[in-house]
Amino acid sequence: MVKRRIAWEFYVFSAAITIFILFMGIYLGIFLSKGKIEELQSELTSLKLKQEDLVFELTLLTLNNKNVSCNLLTQALEKVIDEAGKLGDRVSLYETTEKIKDESFYELKKDYTLTLVRYWFYVEEIKKNCGKSNLVTVLYFYSNQNCFDCLPQGTILTYMKQKYPQNLMVFALDYDINLNIISSLKRVYEVQKVPSLVINGEKYEGLVTLEQLSEILCSKHKLC
Amino acid sequence: MQLIDIIYIAVYSIMIYCSILWFSVFFKNRKKMFYNPKPKRFPSITFLIPAHNEEKNIGKCLESILSLNYPKNKLKVIVIDDGSIDNTAKIVKKFKEVKLIRQKRQGKAVALNNGLKHVKTELVACMDADSFPDKDFLLKMVGYMERKNVASVTPAIKVLETKTLMQKIQWVEYLWSIFLRKLFNFFDCQYVTPGPGSIFKTHILKKVGGFDEDNIAEDTEIALRLVDKGHKIENSIDAYVYTEAPPDFKGLFKQRVRWYRGYIQNVFKYSKMIANPKYGNLGFFVLPINFVWMFILGFLFFSQIFTLAWNSFQYILAWGNIKFVILQPEIKFDIFLIDFYTYFFFLFLAIGLFILWLSIVFSGEKVDLKKKLSFYLDYLFIYPFLISIFWVAAIIYEVVGAKRKW
């Protein structure tokens, strides 16, 4: 009969190493998560700086200064809003894929959403002051939870944005975010479900297909 | 963090733990990997070869056994013809030194037991008719039999032919098994004495009652029984046996489902070993962790398939909405695409490559990126899926209680 023993030293050693490796992974995850937040933060800061810059130009415009060109301003806005959209993509990516979310993320997202809404206001004002009727704004209400049609809707909007980069401005807003202004917008436009589009102030509920959206944008709003 | 992430982390922890454990067993014994005790004498040995319709291989198999580097007067061969309807018996009769026993088709275990009745030598070796031992096969193994309490020595099995994808994958898998089996030897927890090439002490094998004839994995059963009766099983890492591997998925599926079902049944049969310190590392760790592995493989398989299917479904649906026009990519490679899953991915890739390298080196092969690169890649990326499918199928068959057959 052979006497068998349990090699405790191996089990204990391996457990220690495993815990070390796991903590390395989790530490790295936290480190990366923080790095991402910092990057989002710095992009948001620069977006807000550009916003302030534009605000002053807009103020000049409303003072009816002829030297401020409506066209230049629209172009500048279009560029920044495009940037804002890309930042929004990254914010979404962080929100949906990041496993170890930094606590400051939700504040950042609110800050971002407010910045975005402020841009939307400026565009609306420019439309009024410059008489630009071919400028189309889309408020896109999406949700990261239980929204099966949001991915197709987002894809359709991305496609349209790539097709008409100049005069189409998309503002993607999280339906579930806890901000007064979002609640007010939802109330004003009677948005009750996701996905919903508010195109130049007009609400469309549920998935708006590519054909429908082309129809709305081209015939109704003369985008094409 | 959601529940699924916590499950993933738990699964990864177990995977890392097992890797580290085996690495440490290897590290402690790294200098003894190739050591085989030199035999002081050459004990007499009988090869038992059950054969069922093996006319293609049996001749070659017998030739390789008869030309082994071993005293000819100490070497006996018995072929048990298990109800063949081809020329197996005719071919065997050409070999004067070989004894032929014939029986009705009753399966491998019965054939081995029938042969065992005629064995008068000190040792007995099991060999499959489609397997061929290396010249020094016995010299590397018999030395272990001089050690106290040793009842059996297991060989190092390699795949003979690598024509098909399945055989290429198995070729690498068998190298890995060679390496792992030696580690199991050091950890005193071998639970299989493989059909082709394991040798036994005859009196012990007879005393414990021979092979279990109602078992679909008699090579696992006998190993567990030997351990149960307090015997040791050793392994020689360079006693090579070359064997035929199933060439296609169907054949491999059948073989593996049988192996794994046999394993499950035998663990239930010897469930008293689990968590019983009397059986050392085998009972305390290896048998239970294999069960955990079964579920891990099943979980990883289903969760990966599900995630992949669900994501593709969603994206294709979304893409269909824009008539499959290719969009300019919005997200470039940046920090946002890495998180701690990336860390685990690279960690497991590194572990996988390291194990692959160790397996190649310690099974006497060379890393050959020119000829064997596709073997390695197939093994790294296809094998995990295959093995999961086999385990899941084995579990389903066991649960549903499908008829156990050969």
Side-chain angles (χ1 to χ4, degrees), chain A residues 1-11 13-22 24-33 35-36 38-40 85-86 89-91 93-94 97-101 148-163 207-211 213, chain B residues 1-2 4-5 8-9 12-25 28 148-151 186-189 227 229-232 276-285 314-315 317-323 325 327-328 330-331 334-344 347:
Chain A
M1 286 286 276
V2 60
K3 253 206 140 53
R4 297 196 144 85
R5 68 174 280 270
I6 295 170
W8 290 107
E9 64 278 14
F10 286 100
Y11 298 116
F13 173 77
S14 307
I17 301 284
T18 306
I19 290 168
F20 175 72
I21 289 175
L22 272 184
M24 285 260 294
I26 289 169
Y27 179 77
L28 188 79
I30 294 170
F31 179 77
L32 278 171
S33 183
K36 291 174 196 174
E38 271 165 29
E39 191 163 325
L40 290 178
K86 283 188 177 132
D89 287 344
R90 297 179 111 193
V91 171
L93 188 69
Y94 183 91
T97 62
E98 187 59 50
K99 303 298 171 192
I100 309 167
K101 280 196 196 74
F148 187 73
D149 283 334
C150 287
L151 185 65
Q153 191 66 83
T155 314
I156 291 167
L157 286 169
T158 310
Y159 172 72
M160 287 309 266
K161 176 70 195 158
Q162 286 188 0
K163 207 168 170 193
L207 180 68
V208 179
T209 64
L210 189 61
E211 288 82 11
L213 191 63
Chain B
M1 222 181 269
Q2 291 163 316
I4 188 78
D5 297 312
Y8 265 114
I9 290 183
Y12 291 162
S13 312
I14 297 169
M15 289 163 75
I16 295 169
Y17 184 78
C18 291
S19 314
I20 301 293
L21 185 77
W22 292 118
F23 284 147
S24 51
V25 172
K28 173 114 189 280
K148 223 182 129 196
N149 292 321
V150 173
F186 288 128
F187 216 47
D188 191 20
C189 60
V227 172
K229 302 279 186 226
H231 301 290
K232 257 198 99 161
N276 189 338
K278 201 180 125 193
Y279 299 99
N281 297 318
L282 180 65
F284 178 72
F285 181 71
Q314 277 193 313
Y315 277 97
L317 206 70
W319 200 24
N321 270 296
I322 54 163
K323 313 227 167 340
V325 177
L327 295 172
Q328 298 155 20
E330 288 287 319
I331 299 156
D334 66 12
I335 179 178
F336 282 78
L337 297 176
I338 7 176
D339 58 11
F340 72 93
Y341 279 116
T342 323
Y343 166 81
F344 283 119
L347 185 72

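Note that the structure is a prediction, hence the values are computed from the model and not measured. Per chain, numbering begins at 1; letters A, B, ... match sequence-line order.
The structure places CD of E39(A) at 12.0 Å from OH of Y94(A), a figure rounded to the nearest 0.5 Å. The CD1 atom of I6(A) sits 11.5 Å away from atom CG of D188(B), with the distance rounded to the nearest 0.5 Å. With rounding to the nearest 0.5 angstrom, the CG atom of D89(A) is 6.5 Å from the OG1 atom of T158(A). For the atom pair L21(B) CG and T18(A) OG1, the distance stands at 8.5 Å (nearest 0.5 Å).
Between chain B and the residues S14(A), G35(A), S33(A), the most heavy-atom pairs under 4.5 angstrom are made by S14(A). Contact tally against chain B (heavy-atom pairs below 4.5 Å) for I19(A), T97(A), L40(A): the top residue is L40(A). Among the candidates G25(A), A7(A), G29(A), the residue making the largest number of heavy-atom pairs closer than 4.5 Å to chain B is G25(A). Heavy-atom pairs under 4.5 Å with chain B were tallied for R4(A), K3(A), E98(A), M24(A); the largest tally goes to R4(A). Contact tally against chain B (heavy-atom pairs below 4.5 Å) for I156(A), L207(A), L28(A), D149(A): the top residue is I156(A). Note on V150(B), L282(B), V227(B): by heavy-atom pairs under 4.5 Å with chain A, the leading option is V227(B). Between chain A and the options Y341(B), W319(B), F23(B), heavy-atom pairs under 4.5 Å are most frequent for Y341(B).
For F10(A) and F285(B), the distance between ring centers is not under 6.0 angstrom.
When heavy atoms are compared at a cutoff of 4.5 Å, F344(B) approaches chain A solely by way of its side chain, counted from C-beta outward. With a 4.5 angstrom heavy-atom cutoff, Y11(A) touches chain B via backbone and side-chain atoms both. For a residue to count as touching a neighbouring chain, one of its non-hydrogen atoms must lie under 4.5 Å from one of that chain's; by this rule N321(B) touches chain A with backbone and side chain alike. Heavy atoms of M160(A) lying under 4.5 Å from chain B are absent altogether. When heavy atoms are compared at a cutoff of 4.5 Å, L32(A) approaches chain B by way of both its backbone and its side chain. Looking at Q153(A), there are no atoms closer than 4.5 Å to chain B (heavy atoms on both sides), in backbone or side chain. When heavy atoms are compared at a cutoff of 4.5 Å, K148(B) does not approach chain A at all. Looking at D5(B), the atoms closer than 4.5 Å to chain A (heavy atoms on both sides) all sit in the side chain, from C-beta outward.
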Criterion side-chain contact (heavy atoms from CB on, under 4.5 Å) on L317(B) and L151(A), from CA distance to verdict | CA-CA 9 Å; L317(B) 206 70; L151(A) 185 65; over 6 Å; no
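Environment of CZ in F20(A): sparse, with no more than 12 heavy atoms of neighbouring residues, nucleotides or ligands closer than 6.0 Å.
In the model, Y315(B) has no side-chain atom that pairs as donor or acceptor with a side-chain atom of T155(A) under 3.5 Å.
Y343(B) and I21(A) get closest at one heavy-atom pair: OH-O, 2.8 Å.
Formation of a donor-acceptor pair under 3.5 Å by the K36(A) side chain with backbone atoms of I338(B) is found in this model.
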